[in-house]
Amino acid sequence: MDTNRRDMLKLGTSAAIGGLLMPAGAASAQDRQPIVVEPMTGKAGFRIANYLPKMGATSRLGLVTNDGLVVDIPAEAARQKVQLSFDPTSTISLAASGNRGLLELATLFKNRGSNLVNVNQVILLSPIPKPQSNIYCVGWNYLDHFDEGKKNRADSAVKEYPKVPVLFTKGTQTMNGPFDSIPYDGGYSTQIDWEAELAVIIGKKGKNISEESAMDYVFGYSAYNDTTARDVQQKRHSGQWFKGKSLDGHGPMGPWVVTAGGVDLDDTRIICRVNGVEKQNASYKQMFFKIPVIISELSRSLTLLPGDIIATGTPSGVGFGRTPQEFLKPGDMMETQITGVGIIRNKIA
């Protein structure tokens, strides 16, 4: 296996360590809040944002520093006369570039100029606004979440915890920005639920990947919310998951991708708040099927590609499992936090 690439994904180079942590707030004009900087949990890595410098500008990738400044990757490459091996407007292209791309980022960051803008002055987009395939998702990856939904599930056939990861997908049109509104169509669904999740972004092509080598295929991580229309899922579609999880804009992601070396999974927590009230809070350690198992099972006779997104499952605390049940309504603010990665905030509108 490509151990050098794995080391680079984890290392990201010491030149980049000191400054790639980002604050946590709004990147667009709507619902703007100050961004809070939280430290990376890994030893080294990059925070890679996809952003607009201003409305009407062309999107591009940027490196975000600990003090909330944005290093414009294409502009810095031009200034430093660095020939990039990837498209500086595409996270997918960067992920596919492997070690070479990461080394180029290290050079840009080390020699960055001083004329940098604050992240609060730009418009953050989803790191992968147009996924090349459906978002892969894992169901019931926390034991408490499996148990909390038993009494309400339309499909009562599954009574015992599965022996392999339960996999499904969300349509590409579900992708939404880290601070964009989530559409609410009350004529179709009035039971919109929150599901905070850690997203994994694949870094290289692979098939029939072993658990032992699975982490070599991880480019980085992002915050994700598998927002779900429960009445569509459970009643209209009799417990079948795809449509209830695939409404337009019901999969916000961001605020950036943290490369693999910047995240210590054992120190990672998955948290969701609604209107400031904590609804979910669990550790990666509580996941039943860890990321190597998920990647290995998903890739059996199925090719994974750079830029593919895997949402790794949500912990207990969803509205569907509460007594009485709780659901999102217009005006509510859903906040999804992955510690050491970032926070996204999405208003229901």
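For reference, positions follow the sequence shown, starting with 1.
- By the 4.5 Å heavy-atom criterion applied to side chains, Trp256 and Ile48 are not counted as neighbours.
- Side chain of Ser299 to backbone of Ile209: a donor-acceptor contact under 3.5 angstrom is found.
- Side-chain atoms of Phe327 and Asp231, non-hydrogen and from C-beta on, never get closer than 4.5 Å to each other.
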* Walk me through it: do Ile295 and Val218 pass the test side chain to side chain contact (heavy atoms under 4.5 Å, CB included)? => CA-CA 9 Å; Ile295 291 176; Val218 175; 3.7 Å; yes

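- In terms of heavy-atom proximity, Pro255 sits nearest to Pro178 at CA-CB, 3.7 Å.
- Side chain of Glu335 to backbone of Ile343: no donor-acceptor contact under 3.5 angstrom is found.
- Checked by atom type and distance alone, the side chain of Thr312 pairs as donor or acceptor with a backbone atom of Leu198 at under 3.5 Å.
- The minimum heavy-atom distance linking Val263 with Thr41 is given by the pair CA-OG1, 3.5 Å.
- Using modelled atom types, one side-chain atom of Arg60 and one backbone atom of Thr58 make a donor-acceptor pair closer than 3.5 Å.
- Val122 and Ile344 are members of different hydrophobic clusters when ILVMFWY side chains are connected at heavy-atom separations under 4.5 Å.
- From Ile135, atom CD1 reaches atom CD of Glu197 across 11.0 Å, with rounding to the nearest 0.5 Å.
- The backbone N or O of Asp87 lies less than 3.5 Å from a partner atom in the side chain of Ser93, making a donor-acceptor pair.
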* Worked check of side-chain hydrogen bond (donor to acceptor under 3.5 Å, both in side chains) between Thr169 and Asn134 -> CA-CA 6 Å; Thr169 70; Asn134 280 8; 3.0 Å; yes

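- A donor-acceptor pair under 3.5 Å is absent between the side-chain atoms of Tyr51 and the main chain of Val119, judged by distance alone.
- Looking at heavy atoms from C-beta onward, Val232 lies in side-chain contact with His237 at the 4.5 angstrom threshold.
- Thr174 places a side-chain N or O within 3.5 Å of a backbone atom of Gly171 that can act as its donor or acceptor partner.
- Leu302 and Val164 sit in two unconnected hydrophobic clusters of ILVMFWY residues. Membership requires side-chain heavy atoms under 4.5 Å apart, directly or through other members.
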* Ile338 and Val258: CA distance, side-chain angles, deciding distance, side chain to side chain contact (heavy atoms under 4.5 Å, CB included) verdict -> CA-CA 11 Å; Ile338 306 298; Val258 178; over 6 Å; no

* Worked check of side chain to side chain contact (heavy atoms under 4.5 Å, CB included) between Val138 and Leu167 -> CA-CA 5 Å; Val138 183; Leu167 302 169; 4.0 Å; yes

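- Residue Leu305 shares its hydrophobic cluster (ILVMFWY side chains chained together at separations under 4.5 Å) with no other residue.
- Here the CE-CZ distance, from Met333 to Arg345, works out to 8.0 Å after rounding to the nearest 0.5 Å.
- The closest side-chain heavy-atom distance from Gln280 to Val318 is below 4.5 Å.
- For the pair Trp140 and Pro162, the tightest heavy-atom approach, listed with the atom from each and the gap, is CE3-CG, 4.0 Å.
- Inter-residue side-chain proximity for Ile182 and Leu247 is flagged as unmet; no heavy-atom pair is nearer than 4.5 Å.
- The nearest pair of heavy atoms linking Met334 to Thr227 is CE-OG1, 3.5 Å.
- Rounded to the nearest 0.5 angstrom, Glu76 CD and Asn111 CG are separated by 8.5 Å.
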* **Residue pair Met287, Leu265: steps toward the side chain to side chain contact (heavy atoms under 4.5 Å, CB included) verdict** => CA-CA 11 Å; Met287 280 189 191; Leu265 290 171; over 6 Å; no

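- Contact check for Pro129 versus Asn50: side-chain heavy atoms found under the 4.5 Å cut-off.
- Within a 6.0 Å radius of CG in Asn115, no more than 12 heavy atoms belonging to other residues, nucleotides or ligands are found.
- For the atom pair OG1 (Thr91) and CZ (Phe86), the distance works out to 9.5 Å, reported to the nearest 0.5 Å.
- Between Phe289 and Tyr161, the angle of the ring planes stays under 30°, which puts this pair in the parallel group of the 30/60° scheme.
- A distance of 6.5 Å separates OH in Tyr184 from CD1 in Ile192, rounded to the nearest 0.5 Å.
- Note that CD of Glu195 is 10.0 Å distant from OH of Tyr224, once rounded to the nearest 0.5 Å.
- Atom CZ of Arg79 has more than 12 heavy atoms from other residues, nucleotides or ligands within 6.0 Å.
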* To do: Decide yes or no on side-chain hydrogen bond (donor to acceptor under 3.5 Å, both in side chains) for Ser133 and Asp308, but give the supporting numbers first.
  => CA-CA 7 Å; Ser133 62; Asp308 279 350; 3.2 Å; yes

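- In terms of modelled atom types and a separation under 3.5 Å, the side chain of Ser246 and the main chain of Phe242 share a donor-acceptor contact.
- The hydrophobic clustering, which links ILVMFWY residues whose side-chain heavy atoms are closer than 4.5 Å, places Ile271 and Val277 apart.
- Using a 4.5 Å heavy-atom threshold, the side chains of Ser97 and Leu94 count as touching.
- Between the side chain of Ser189 and the backbone N or O of Asp185 there is no donor-acceptor pair closer than 3.5 Å.
- Residues Ile291 and Tyr284 share a closest heavy-atom pair of N-OH, 3.1 Å.
- Hydrophobic clustering, with ILVMFWY side chains joined whenever heavy atoms are under 4.5 angstrom apart, groups Val293 together with Leu143.
- Between the side chain of Asn346 and the backbone N or O of Gly177, at least one donor-acceptor pair lies under 3.5 Å.
- With a 4.5 Å cut-off on side-chain heavy atoms, Glu326 and Trp194 count as touching.
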* Decide side-chain hydrogen bond (donor to acceptor under 3.5 Å, both in side chains) for Thr228 and Lys245; before the verdict, give the C-alpha distance in whole Å, the side-chain angles of both, and the deciding distance to 0.1 Å. => CA-CA 5 Å; Thr228 303; Lys245 289 177 172 287; 3.0 Å; yes

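- Residues Asn176 and Ser181 approach most closely at ND2-O, 3.0 Å, considering heavy atoms.
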